[in-house]
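If you read the sequence from its start, that first residue is 1, and numbering goes on from there.
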Amino acid sequence: MRRLFPVTEETAPQSREWGLGELAVAYAYPELSPGGQEAWLRANMVSTLDGAAQHDGRSQPISSDADMRIFGTLRGLADVVVVGAETVRQEGYRPARAREAFAEARRAAGQGPAPAVAVVSASLDLDFSLPLFTSPLVPTLLLTGAAAAPDRVATAEKAGVQVVIAGDGMGVDPSRAVRALADRGLTRLLTEGGPRLLGQFVAAGVLDELCLTVSPMLTAGDAQRIAGGPSVPVPKRFELVSLLEEAGFLFGRYRRT
């Protein structure tokens, strides 16, 4: 790997805008061999230089146009977007939309026009009148536990949501969630957090890849990191696969070793 130290006007790589076609190649999912790994789970997160995953409760203030292009590309490649209920509430999640730029590639890969959204929730404390649940292009999934409140399950199903049981108690078991989605033919998985959900995937050892945007910003404060929850006994080691730069933002792609 080539390293440039220090970065000066003479040594810095030329910054340019990365096109959607280039990004689709750079972030292509690996081929899963029959009888091998059943699904590939990647996360897409953004962090400031001082480790904040959000500002004032949202990730948008620390993002950029390039980050949003990569956000759209990763969605354009995925079968399903897995997201925590709190992130749905805070970020005002809407249904994934069809993108003409990825239409042909999705058809060739046997995918639908847009990825499904799978919301992870134990309490099912969600507003099922929102467009994410009532008018998605692809039916929204709800991952929950077997002990979820029956009345909330009924409300979700009445709104057209497909409820998927992926845990024996109130909560969702990360490994079962991945298997349950794979059983539905959804093998290209993308999670956009939030930090607590990502922390659960990390702790369970089911995260295959992290696509991390490092934002050239400092926020201070006490914002969450990209992953939360209890620490793992031994740090998980990932390897750098690719690193892109645009307008001072770094876009790293890391895979589990």
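- Cys211 is listed as a side-chain neighbour of Glu209, based on a closest heavy-atom distance under 4.5 Å.
- Looking at heavy atoms from C-beta onward, Glu245 lies in side-chain contact with Leu250 at the 4.5 angstrom threshold.
- Residues Pro174 and Ala204 come closest through the heavy atom pair CB-CB, 3.7 Å.
- The cluster map of Ile, Leu, Val, Met, Phe, Trp and Tyr, joined by side-chain heavy atoms under 4.5 Å apart, puts Val178 and Val172 in the same cluster.
- One hydrophobic cluster, built from ILVMFWY side chains closer than 4.5 Å, cannot hold both Leu124 and Val82; they sit in different ones.
- A ring pair (Phe, Tyr, Trp, His ring centres under 6.0 Å) check over residues 128-169, counting only residues at least two apart or in different chains, returns the pairs Phe128-Phe133.
- The closest donor-acceptor contact from the side chain of Trp40 to the backbone of Glu31 lies at 3.5 Å or more, if one exists at all.
- A heavy-atom distance below 4.5 Å is found between the side chains of Val202 and Lys236.
- Tyr27 OH to Phe251 CZ: the interatomic distance, rounded to the nearest 0.5 Å, is 7.0 Å.
- In this structure Asp173 satisfies the salt bridge (charged side-chain N to carboxylate O under 4.0 Å, His left out) test with no other residue, sequence neighbours excluded.
- Considering CD of Glu192 and OG of Ser59, their distance stands at 8.5 Å, rounded to 0.5 Å.
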task = Run the numbers on Leu41 and Leu181 for side chain to side chain contact (heavy atoms under 4.5 Å, CB included), then give the verdict.
result = CA-CA 11 Å; Leu41 174 62; Leu181 293 171; over 6 Å; no
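- For Arg256, the salt bridge (charged side-chain N to carboxylate O under 4.0 Å, His left out) partners are Asp208, not counting sequence neighbours.
- The minimum heavy-atom distance between Ala98 and Ala114, with the atom names listed, is N-CB, 3.9 Å.
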query = Hey, mind stepping through Leu212 and Ile226 against side chain to side chain contact (heavy atoms under 4.5 Å, CB included) and telling me if it holds?
reply = CA-CA 9 Å; Leu212 177 64; Ile226 65 167; 4.1 Å; yes
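- In this structure, Phe102 shares a hydrophobic cluster with Leu20, the cluster being traced through Ile, Leu, Val, Met, Phe, Trp and Tyr side chains under 4.5 angstrom apart.
- Evaluation of the side-chain hydrogen bond (donor to acceptor under 3.5 Å, both in side chains) rule for Glu157 yields no partner, not counting sequence neighbours.
- More than 12 heavy atoms of other shown residues, nucleotides or ligands fall within 6.0 angstrom of atom CG in Asp151.
- Ala85 pairs by the side chain to side chain contact (heavy atoms under 4.5 Å, CB included) definition with Arg89, Val119, Ser121, Leu126, not counting sequence neighbours.
- When atom types are taken as modelled, the side chain of Gln111 and the backbone of Leu77 share a donor-acceptor pair closer than 3.5 angstrom.
- For the side-chain hydrogen bond (donor to acceptor under 3.5 Å, both in side chains) test, no residue two or more places apart in sequence or in another chain qualifies with Glu38.
- Pairing each heavy atom of Leu142 with each of Ala156, the nearest pair is CD2-CB, 3.9 Å.
- With contacts defined as side-chain heavy-atom distances shorter than 4.5 Å, the pair Val117/Pro136 does not qualify.
- Residue Phe201 is not grouped with residue Val81 when hydrophobic side chains (ILVMFWY) are merged at heavy-atom distances under 4.5 angstrom, including chains of intermediate members.
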inquiry  = Gln54 vs Gln90, test: side chain to side chain contact (heavy atoms under 4.5 Å, CB included). Steps then yes/no.
reply    = CA-CA 11 Å; Gln54 51 191 224; Gln90 288 186 348; 4.2 Å; yes
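- Arg69 contributes no side-chain N or O that, together with a main-chain N or O of Leu23, makes up a donor-acceptor pair within less than 3.5 Å.
- Within the 4.5 Å cutoff, side-chain heavy atoms of Thr191 are placed close to those of Leu197.
- Within the 3.5 Å criterion, the main-chain N or O of Asp67 finds no donor-acceptor partner in the side chain of Ser63.
- Taking each heavy atom of Ala43 and Leu190 in turn, the nearest pair found is C-CD1, 4.4 Å.
- Between Gly193 and Thr87 the shortest heavy-atom distance is C-OG1, 3.6 Å.
- Cluster partners of Phe71, by chain and number: Met68. The rule joins Ile, Leu, Val, Met, Phe, Trp and Tyr whenever side-chain heavy atoms lie under 4.5 Å apart.
- Cluster membership check: Val161 does not share its hydrophobic cluster with Val164, using side-chain heavy-atom separations under 4.5 Å among Ile, Leu, Val, Met, Phe, Trp and Tyr.
- Remark: the backbone N or O of Gly112 is paired with a side-chain donor or acceptor of Arg106 at under 3.5 angstrom.
- To the nearest 0.5 angstrom, Ile62 atom CD1 is 9.5 Å from His55 atom NE2.
- Pairs engaging residues 174-189 under the salt bridge (Lys or Arg N to Asp or Glu O under 4.0 Å) rule: Asp79-Arg188, Asp168-Arg176 [sequence neighbours left out].
- Side chain of Asp50 to main chain of Ala220: a donor-acceptor pair is present (N/O by atom type, distance under 3.5 Å, no hydrogens or angles).
- Side-chain contact check for Leu141 versus Leu186: some heavy-atom pair is nearer than 4.5 Å.
- Cluster membership for Tyr29 and Leu210, using ILVMFWY side-chain heavy atoms within less than 4.5 angstrom, is not shared.
- Here the side chain of Arg42 pairs no donor or acceptor atom with the backbone of Leu74 at under 3.5 angstrom.
- For the pair Pro139 and Ala116, the tightest heavy-atom approach, listed with the atom from each and the gap, is O-CB, 4.0 Å.
- By the salt bridge (charged side-chain N to carboxylate O under 4.0 Å, His left out) test, Asp127 is found to be paired with no residue, residues two or more places apart in sequence or in another chain being considered.
- Side-chain atoms of Val46 and Ser215, non-hydrogen and from C-beta on, do get closer than 4.5 Å to each other.
- Atoms CD and CD, from Glu17 and Glu22 in turn, are 9.5 Å apart once rounded to the nearest 0.5 Å.
- Side-chain atoms of Thr48 never come within 3.5 Å of backbone atoms of Thr219 as a donor-acceptor pair (strictly under, hydrogens ignored).
- Contacts of Arg58 classified as side chain to side chain contact (heavy atoms under 4.5 Å, CB included), with partners at least two apart in sequence or in another chain: Gln60, Pro61, Glu91.
- Partners of Arg152 according to the salt bridge (charged side-chain N to carboxylate O under 4.0 Å, His left out) rule, which considers only residues two or more places apart in sequence or in another chain, do not exist here.
- Rounded to the nearest 0.5 Å, atoms CD1 (Ile70) and CG (Leu244) are 6.0 Å apart.
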